[in-house]
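Worksheet: the structure to be examined is printed underneath.
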Amino acid sequence: MNLAGPRRLRCLLKGAVVASGLATAGVAHAAPLTDVGVSDGWMRALPGLPAAGYLTLHNAGSSPATLIGATSASCGSLSLHRTSRLHVMSHRSGLAPGSMAAAPGMTTMQPVAAIEIKPASSVRLMPGGYHLMCDQPAARVMPGATVPVTLHFSGGGSVDTMLPVRGPRGS
Amino acid sequence: MMRRGWWRSPLRAVAVCAVLGCGLLAYAHLGARYGYIGTPLKVRLAPRLQLTDDRGKPFDLSALRGRAALVYFGYTHCPDICPTTLAALAPVFQALGPDRGNAVIVFVTLDPERDTPALLHAYVSAFEPMPIGLTGPAAAIGAAAKDWGVSWRPAEGGAYIDHASVITLVDPQGRWRVRYGLSQVADPAAVARDIRHVMKS
Ligand SMILES: [Cu+2]
């Protein structure tokens with residue numbers, strides 16, 4: 001019983017440290033990357049399942065911008081992902097003989113450390129390609145809602161954006 | 001006496017040429033008759049698909065005879081390519097118009113441990129038209145994926161699955177006809193044309 005007090009105190013202290021860390025991260029928002037714009041953002045929600053976020057990043061600046069991560073209060077974790085094709089040939093394809101098409105290769109989804117947006121150009125995060133991966137989405141992440149997302153760039157800058165949530169049909 | 005070969009007979013020569021010519025014409029005609037937007041498969045009876053549906057009832061692909069089926073293997077925790085591919089079928093069904101009732105989507109999970117019938121049901125209910133969700137013992141799922149030519153493996157890290165993301169079109173006679181990747185289903189009118197084509201022939 002006596003141990004409970006100090007333990008709880010330590011817990012509270014730890015919480016305070018985490019909170020101050022978050023506050024520091026919040027300060028970074030005060031210095032947003034003015035050269036990077038976001039458009040066409042949305043997130044696809046499925047009941048109780050990981051959600052994918054999509055958007056287009058525009059870099060109006062004269063030097064590259066590098067997206068290195070994203071955070072959201074509506075996601076247990078939010079990470080950069082990429083869906084891509086693995087070029088593996090299968091011999092069990094069942095394709096018609098003489099068909100020019102290769103057997104279907106596997107599609108894979110991998111975490112991505114960074115996405116670079118070259119000066120005066122855009123990068124699309126879109127279905128079947130780059131996406132934001134929202135694991136353990138909050139219950140409020142459902143069609144009609146809006147998810148606040150902070151995009152973090154190398155060099156410490158960040159960009160805040162709001163992603164409207166849509167159903168699986170993307171509408 | 002000079003021996004005259006059968007091919008020297010003018011009548012026979014004409015007959016042989018006629019047969020060859022007709023054959024070539026027929027071949028050219030058949031070849032030009034229809035071009036699928038998808039990748040044509042060798043026409044053959046589809047492999048067995050005996051699993052449990054998203055309402056917990058036994059399912060057999062043969063129950064879909066008389067209707068075209070679009071069969072896709074995926075898993076519900078697949079946040080990007082699976083819902084994107086399933087969602088791409090909505091405009092295909094719109095383009096099918098009055099024929100849409102004669103086609104059905106089948107979603108087979110590659111993740112039977114997490115994808116219970118209840119979770120599958122919640123998942124497929126979010127799509128329009130609503131696919132039939134299928135799950136079953138891991139061994140049965142593995143055998144089905146192999147039979148259907150769908151390669152897959154657990155992805156590094158464990159939470160996700162690398163898998164061939166393809167839709168197989170099965171005709172109303174239960175035969176394999178055409179296979180589609182995401183880029184091919186991007187043209188809903190063309191896919192609807194393919195489906196109508198296999199409904200008729
Ligand atoms: Cu992902």
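Chain A is the first sequence line, chain B the second, and so forth, proteins listed ahead of strands; every chain is numbered from 1.
A donor-acceptor pair under 3.5 Å is absent between the side-chain atoms of A/Arg44 and the main chain of B/Pro83, judged by distance alone. The backbone N or O of A/Gly128 sits less than 3.5 Å from a side-chain atom of B/Asp80, completing a donor-acceptor pair.
A/Thr108 contributes atom OG1, which lies 6.5 Å from atom CZ of B/Arg153 (distance to the nearest 0.5 angstrom). Here the CD1-OG1 distance, from B/Ile161 to A/Thr107, works out to 13.0 Å after rounding to the nearest 0.5 Å. A distance of 12.5 Å separates OG in B/Ser165 from CE in A/Met106, rounded to the nearest 0.5 Å.
Of the listed residues (B/Thr76, B/Ile81, B/Val166), the greatest number of heavy-atom pairs within a distance under 4.5 Å of chain A belongs to B/Thr76.
A 4.5 Å side-chain heavy-atom check between A/Met109 and B/Cys78 finds every atom pair outside the cut-off. Residues A/Tyr54 and B/Thr84 have side chains in contact (heavy-atom distance under 4.5 Å, counting atoms from C-beta outward).
Within 6.0 Å of the CZ atom in B/Arg114, the count of heavy atoms belonging to other residues, nucleotides or ligands exceeds 12. Few gaps surround CZ on B/Arg65; more than 12 heavy atoms of other groups in view lie less than 6.0 Å from it. For A/Met142, the CE atom is loosely surrounded, since the number of other residues' heavy atoms within 6.0 Å does not exceed 12.
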>> What verdict does the side-chain contact (heavy atoms from CB on, under 4.5 Å) test give for B/Phe127 and A/Leu46, after you've listed the backbone C-alpha separation in whole Å, the side-chain angles of each residue and the deciding distance to 0.1 Å?
In response: CA-CA 10 Å; B/Phe127 293 90; A/Leu46 279 155; 4.0 Å; yes
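Between B/Pro79 and A/Pro50 the shortest heavy-atom distance is CB-O, 3.7 Å. For the pair A/Pro168 and B/Ala126, the tightest heavy-atom approach, listed with the atom from each and the gap, is CG-O, 3.0 Å.
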